[in-house]
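The basis for the numbers below is simple: all heavy atoms, side chains too, and nothing from hydrogens, waters or symmetry mates. Note that the structure is predicted; figures quoted are calculated from it, not measured. A note on names: the letters A, B, ... follow the listed sequences, proteins ahead of strands, and every chain is numbered from 1.
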Protein chains: 2
Amino acid sequence: MISGKVKAPAPVIRRLSTYHHLLMGLRQRQIQRISSTALAEMVEYNPVQVRKDLQLTGLVGKPKTGFLIDEMEDAIRRFMGWEAEFGAVLFGVGNLGSALLRYPWREEHGLRFIAAFDSDPARCNILVNNIPVYHTDYFATFSAEHEIHIGVVAVPASTAQKVADILVKEGIKGIWNFSHAHLKTPAHATVENAIFTQSLAILTRRLVESQVTSPGKEHS
Amino acid sequence: MISGKVKAPAPVIRRLSTYHHLLMGLRQRQIQRISSTALAEMVEYNPVQVRKDLQLTGLVGKPKTGFLIDEMEDAIRRFMGWEAEFGAVLFGVGNLGSALLRYPWREEHGLRFIAAFDSDPARCNILVNNIPVYHTDYFATFSAEHEIHIGVVAVPASTAQKVADILVKEGIKGIWNFSHAHLKTPAHATVENAIFTQSLAILTRRLVESQVTSPGKEHS
DNA sequence: TAGATTGTTAATCGATTAACAATC
DNA sequence: TAGATTGTTAATCGATTAACAATC
């Protein structure tokens, strides 16, 4: 029987990623098991929610003892596809781009940068964190010779769609977008946006909301 | 009548931030109005959703003509609190931290970095993008002399809670957390997490999901 | 056995979408 | 006026939480 995998809701995936990080810490402290209730407390979630989340990864706990930390970590890692490695390329070696290249994604998060690309010749033909930076024009050639699963877009919004088009044309299935641009891609390509500004907007709005407004200052 | 402001759902705020960026582009191209329907198409949302979102900011459109772009931009900016400026400090001047300091938040997003702090003396007493970097120990003194609305946490997860505690102690109301750590803070402090790994998890999971599994490979 | 903890089923809550009336 | 577009009310959908049974 051929079966696709269950589409997990984004909030669940985010929480699972949080558990994963927490569990790594517990494992390092030689702790072997934990109950969903205790885990829930640590992250201030509802315990039933934690159990439901874990269930989705195929984990089963034992009444009275809870879950084995090693098993949990493995299950979550498998669920995310982090046991294998995703080959990745990055476009736009600016401040953010270089910071991303320098982060150790490979250790725990299944992401391996094999190259980066930039349209500015001054930034090309160097190594950043041992990752070669080439000119954007070289990408098609490079792509034909390497297995690339993920393209990271760290260019300005104005050129982001162009980069996305190139990625799609070369058959890259996953796009991690750090630009403001709303990328239009065919259905078979997955775009995930990591846009700081949206996160900042939530923070500043919450601050605005928490300010008690003086009489008349709030419009209708 | 004293009234707090409506607590907007996070998804709405994220979408509004998307509109805001799009509208800035339209304005630059001298376009003066747009219908919610057209806007919806550009970002591939439901038009009713767009209208509901805009309503929350107090915007009213005109049947047959739509919304004025200038008005929309202003309304969204006011809604986010971006007309005023939020004074901000950053902790952890590493790769990510410096990238954040170099981004022009001030222009459009109401965020003004007034200083950064690091526990590594080698990184202190320099300027990054004209923003002074001090030693963490100096923060309490600094805080007493400046109005700080937001603290940005860009330190490793292992020291993030410590930084959060310092921020809370100095009465900072908004914390923008880029570390993996789950920060525990009193209710009067708002924490917004901008955790890349969670975003990456969604992308990799979607890729895992889209792979059709061969017989027997998918467990139960 | 008793009690803690899991797992399941049902209820609630909130966000999105659909249907339609109002208006320029 | 007719038609496009807004705004509102109701229906649907999905995610979270509550209640409780199952199990070690």
Residues 148-160 of chain A, side-chain donor-acceptor partners within the protein, below 3.5 Å, at least two apart:
residue: A:His149; atom: ND1; partner: A:Gly87; partner atom: N; Å: 3.0
residue: A:His149; atom: NE2; partner: A:Glu147; partner atom: OE2; Å: 3.3
residue: A:Thr159; atom: OG1; partner: A:Pro156; partner atom: O; Å: 3.3

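- Rounded to an integer number of Å, the gap from CG of B:Asp53 to C1' of D:dG7 is 14 Å.
- Rounded to whole Å, atom C1' of C:dT8 lies 7 Å from atom NZ of A:Lys52.
- At a threshold of 4.0 angstrom between heavy atoms, the contacts of B:Arg15 are confined to the sugar-phosphate backbone, with no base atom among them.
- Nucleic acid contact class of B:Pro11 (heavy atoms, under 4.0 Å, all strands): sugar-phosphate only.
- Here the CD1-CG distance, from A:Ile69 to A:Leu23, works out to 6.0 Å after rounding to the nearest 0.5 Å.
- Counting to the nearest Å, the C1' atom of D:dA4 and the CD1 atom of B:Ile34 are 15 Å from each other.
- For B:Arg206, the salt bridge (Lys or Arg N to Asp or Glu O under 4.0 Å) partners at least two apart in sequence or on another chain are B:Glu209.
- Counting to the nearest Å, the C1' atom of C:dT5 and the CZ atom of A:Arg33 are 14 Å from each other.
- Checked against C:dT16, D:dG7, C:dT6, the side chain of B:Phe67 finds its nearest nucleotide in D:dG7.
- DNA chain C is contacted by A:Ser35, A:Ser36, A:Thr37 of residues 35-45 of chain A, taking any non-hydrogen atom closer than 4.0 Å.
- Between A:Asn46 atom CG and C:dT8 atom P there is a gap of 16 Å when expressed in whole angstrom units.
- Proximity of A:Gln55 to the phosphate of C:dT6: no side-chain N or O atom is located under 4.0 Å from OP1 or OP2.
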Show me the donor-acceptor pairs, under 3.5 Å and distance only, between side chains in residues 184-195 of chain B and residues at least two apart or in other chains.
residue: B:Lys184; atom: NZ; partner: A:Glu41; partner atom: O; Å: 3.1
residue: B:Glu192; atom: OE2; partner: A:Ser199; partner atom: OG; Å: 3.1
residue: B:Asn193; atom: OD1; partner: B:Asn177; partner atom: ND2; Å: 2.9

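- No donor-acceptor contact under 3.5 angstrom links the side chains of B:Thr18 and A:His182, judged on distance only.
- Between the side chains of B:His180 and B:Thr197, a donor-acceptor pair is found at a separation under 3.5 Å.
- Evaluation of the side-chain contact (heavy atoms from CB on, under 4.5 Å) rule for B:Leu22 yields B:Leu39, B:Met42, B:Val43 as partners, not counting sequence neighbours.
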B/S/- along nucleotides 19-24 of chain D (protein heavy atoms under 4.0 Å) is ----BB

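- Atom NZ of B:Lys7 and atom C1' of C:dG14 are 12 Å apart (whole Å).
- Shown here are the salt bridge (Lys or Arg N to Asp or Glu O under 4.0 Å) partners of A:Arg33, two or more places apart in sequence or in another chain: there are none.
- In terms of the ring-ring contact (aromatic ring centres under 6.0 Å, His included) criterion, B:Phe79 has no residue partners (sequence neighbours excluded).
- Atom pair A:Gln49:CD and C:dA11:C1' shows a separation of 16 Å (rounding to whole Å applied).
- The CD1 atom of B:Ile13 sits 17 Å away from the C1' atom of C:dT16 (whole-angstrom rounding).
- Note on residues 6-17 of chain B: pairs passing side chain to side chain donor-acceptor pair (under 3.5 Å), not counting sequence neighbours, are B:Arg15-B:Asp53.
- Looking at residues two or more places apart in sequence or on another chain, you find a side-chain contact (heavy atoms from CB on, under 4.5 Å) between B:Asn46 and B:Val48, B:Gln49.
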Listing, residues 102-116 of chain A side-chain donor-acceptor contacts under 3.5 Å, not counting sequence neighbours, or none:
residue: A:Trp105; atom: NE1; partner: A:Leu100; partner atom: O; Å: 3.0
residue: A:Arg106; atom: NE; partner: A:Glu85; partner atom: OE2; Å: 2.9
residue: A:Glu108; atom: OE1; partner: A:Arg77; partner atom: NH2; Å: 2.9

Would you write the dot-bracket representation of DNA chain D, where each base gets (, ), [, ], | or . depending on whether it forms a Watson-Crick or G-U pair under 3.5 Å and with which partner?
..||||||||||||||||||||||

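- The residue B:Val60 sits close only to the backbone: its heavy atoms come under 4.0 Å of sugar-phosphate atoms, none of a base.
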